[in-house]
Amino acid sequence: MSVSPCWRRVLALAAVLAAAPPAAAQLAPPFPQLLAERGTAPRIAALDARTQAAQGLADQARARPNPTISGYVENIGGSDPYGGFARAETTIQLNHVVELGGKRAARIAAGIAGVDAARARAHAGRVAYAHDLARAYAMAEIAGRRIDLAEEEVAEATTDLKVARAMVAAGKEARLRELRADSEVAALTADLAVTRAAYQTALAQLAVLAGTETPYTGLSASLLDTLPPVVPVGPPASPEMRVALAERDAATARIAAERKRALPDVSAQIGIRRLEADRATALVAGISLPLTLFDRNRGNIAAAEAERTAAEIELNAQRQAARTMAVAAATQVAAADQRAAAAVRSVATATETYRLTRIAYESGKAPLSEVLIARHDLGVVRGTALDAAAARIDARAALVRLHGQALTGAIVE
């Protein structure tokens with residue numbers, strides 16, 4: 001058999017991989033179970049942490065200003081009659097800032113709106129994760145089916161090679177026909193090695209997305225065969241649109257909070273003063289009010305208003321995108337279903353064509369080239385059917401994502 005150096009390297013790599021010690025077997029659970037266990041995934045844990053951070057900021061917004069205690073001594077260390085402590089006046093004073101104009105209420109409202117926005121972002125992240133997990137699961141399953149397809153092609157090519165050798169031995173074919181069939185087997189075997197490597201890569205990517213340390217060695221259930229028969233209906237409410245709405249509300253709350261911050265706060269003081277010269281104690285009290293001559297918080301107010309304008313623009317864009325993408329996604333689903341159905345019919349036709357061509361070749365009525373062409377066409381059509389299955393997954397995943405759902409039809413919370 002004559003094999004090119006490139007194919008020799010590929011086959012050698014496949015032999016090494018086959019000889020490597022097997023890893024601990026761990027099948028990926030069914031997709032619904034894997035999605036239900038998403039709490040352990042790094043992406044979901046990060047989303048929850050960001051929501052907790054927003055909740056912490058909201059809790060802090062409820063805090064009132066801390067009071068301060070000050071103490072000072074007057075009328076000491078000077079010239080007579082203030083050289084000692086005989087005329088000292090010692091004061092211990094409590095100071096407290098009193099927030100006016102509804103500052104605290106506005107700050108709390110802004111914090112709550114920030115939590116709502118964080119939760120909307122977390123929900124959008126979970127929907128995106130469900131979308132990516134479904135695609136990764138489906139791509140791993142399709143990669144596994146490509147292995148089955150490649151193994152079938154190797155088996156069929158091997159059978160054709162045996163027939164070609166028998167025809168050459170009987171003097172019905174030239175030696176060149178056998179060499180061509182032999183080369184075809186080598187090429188398909190190398191493709192099988194590459195396909196197996198791609199399958200392992202797809203499983204590894206699925207394991208990383210699921211947050212498991214041990215790579216999966218296979219899938220325990222099919223996702224392609226369990227797609228929901230009914231696609232979502234009704235007006236879409238995309239997670240991105242909900243995020244934009246929450247961001248708009250949060251920006252509005254921040255504007256109110258920043259405007260309240262521009263109002264001056266009153267600082268109240270109350271304390272006790274000891275007058276040594278009179279051997280008496282007196283109560284002291286006072287208030288202070290800042291003069292807003294320079295800092296009126298205009299910059300922060302302008303920034304918050306600009307953020308709300310940007311949020312309004314983003315919200316309108318997301319609403320338009322949701323309507324447009326919903327129509328496009330529904331069209332894609334219908335087209336993908338038609339493509340998949342056509343691919344199934346094409347596979348049946350190509351399979352029958354290959355079967356009849358082999359019968360004709362074995363009876364001496366067709367050359368080997370016709371068999372190779374028929375088998376190649378069958379492999380192409382089978383690959384196209386898998387591509388159609390992948391496109392069907394992508395179309396449905398895109399549609400259900402617009403409705404905040406997983407590929408199984410479940411609502412993502």
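Nothing fancy with the numbering, it's 1 onward along the sequence.
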Yes or no on salt bridge (Lys or Arg N to Asp or Glu O under 4.0 Å) for R261 and D295, after CA distance, side-chain angles and deciding distance? CA-CA 10 Å; R261 281 182 59 190; D295 183 7; over 6 Å; no

Please name the pair of heavy atoms, one in [X] and one in [Y], separated by the smallest distance, quoted to 0.1 Å.
X    : Y    : result
S220 : A28  : OG-O, 2.6 Å
T195 : A143 : CG2-O, 4.2 Å
R279 : R274 : C-NH1, 3.5 Å
V381 : A343 : CG1-O, 4.4 Å
P42  : V208 : CD-O, 4.4 Å
F85  : I76  : CD2-CG2, 3.7 Å

So, [X] and [Y], do they make that salt bridge, N to O below 4.0 Å?
X    : Y    : result
D225 : R145 : yes
E240 : R401 : yes
R273 : E74  : yes
E314 : R248 : no
E156 : R382 : yes

Once you round to the nearest 0.5 Å, how far does [atom1] of [X] lie from [atom2] of [Y]?
X    : Y    : atom1 : atom2 : value
E141 : L386 : CD    : CG    : 10.0 Å
I255 : I301 : CD1   : CD1   : 9.5 Å
L399 : Q332 : CG    : CD    : 10.5 Å
L402 : H131 : CG    : NE2   : 9.0 Å
Q93  : H96  : CD    : NE2   : 14.0 Å
T51  : R121 : OG1   : CZ    : 8.0 Å

Check whether more than 12 heavy atoms from other residues, nucleotides or ligands sit under 6.0 Å from atom [atom1] of [X], and answer yes or no.
X    : atom1 : value
M139 : CE    : yes
I92  : CD1   : no
I69  : CD1   : no
I287 : CD1   : no

Dump the intermediate steps for side-chain contact (heavy atoms from CB on, under 4.5 Å) on T353 and L378, then the final yes or no. CA-CA 8 Å; T353 300; L378 177 59; over 6 Å; no

Taking [X] for its side chain and [Y] for its backbone only, find out whether a donor-acceptor pair lies under 3.5 Å.
X    : Y    : result
E247 : A117 : no
K260 : R104 : no
R296 : T292 : yes
D278 : A280 : no
S183 : R180 : no

Could you note down all residue pairs passing salt bridge (Lys or Arg N to Asp or Glu O under 4.0 Å) where residues 29-44 supplies at least one of them, sequence neighbours left out? R43-D132

Residue pairs, two or more places apart or on separate chains, that pass salt bridge (Lys or Arg N to Asp or Glu O under 4.0 Å) and touch residues 193-213: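 Listed by first then second residue: E151-R196.
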
Beyond-backbone contact of [X] with [Y], side-chain heavy atoms, under 4.5 angstrom:
X    : Y    : answer
L206 : L219 : yes
Q405 : V412 : no
M241 : S238 : yes
R126 : L47  : yes
V243 : H123 : no
D387 : R339 : yes
L188 : D191 : yes
L263 : L100 : no

Under the rule for side chain to side chain contact (heavy atoms under 4.5 Å, CB included), what residues qualify as partners of A207, not counting sequence neighbours?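 A207: side chain to side chain contact (heavy atoms under 4.5 Å, CB included) contacts with T212, Y216.
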
Apply side-chain contact (heavy atoms from CB on, under 4.5 Å) to the pair D116 and D249, showing each step before the final yes or no. CA-CA 9 Å; D116 292 340; D249 293 343; over 6 Å; no

With sequence neighbours excluded, tell me which residues meet salt bridge (charged side-chain N to carboxylate O under 4.0 Å, His left out) with K103.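 Checked K103 against salt bridge (charged side-chain N to carboxylate O under 4.0 Å, His left out); matches are D265.
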
When the side chains of residues 56-63 are checked against the rest of the protein, which donor-acceptor pairs come out under 3.5 Å, sequence neighbours left out?
residue, atom, partner, partner atom, Å
D59, OD1, Q55, NE2, 3.1

Please assess N95 against S70 for the test side-chain hydrogen bond (donor to acceptor under 3.5 Å, both in side chains), listing each intermediate value before the final yes or no. CA-CA 8 Å; N95 310 286; S70 60; 3.3 Å; yes

Apply the side-chain contact (heavy atoms from CB on, under 4.5 Å) test between N300 and each candidate in E305, R254, R259, E258; give the one that qualifies.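 Going through the options one by one, the only one that passes is E258.
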
Applying side-chain contact (heavy atoms from CB on, under 4.5 Å) to T90 and Y72, what does each step give before you reach the verdict? CA-CA 6 Å; T90 304; Y72 51 94; over 6 Å; no

Pair V284-T91, side-chain contact (heavy atoms from CB on, under 4.5 Å): steps then yes or no: CA-CA 8 Å; V284 296; T91 305; 4.1 Å; yes

Applying ring pair (Phe, Tyr, Trp, His ring centres under 6.0 Å), can you list everything that pairs with Y137, at least two apart in sequence or on another chain?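 Listed in chain order: F31.
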
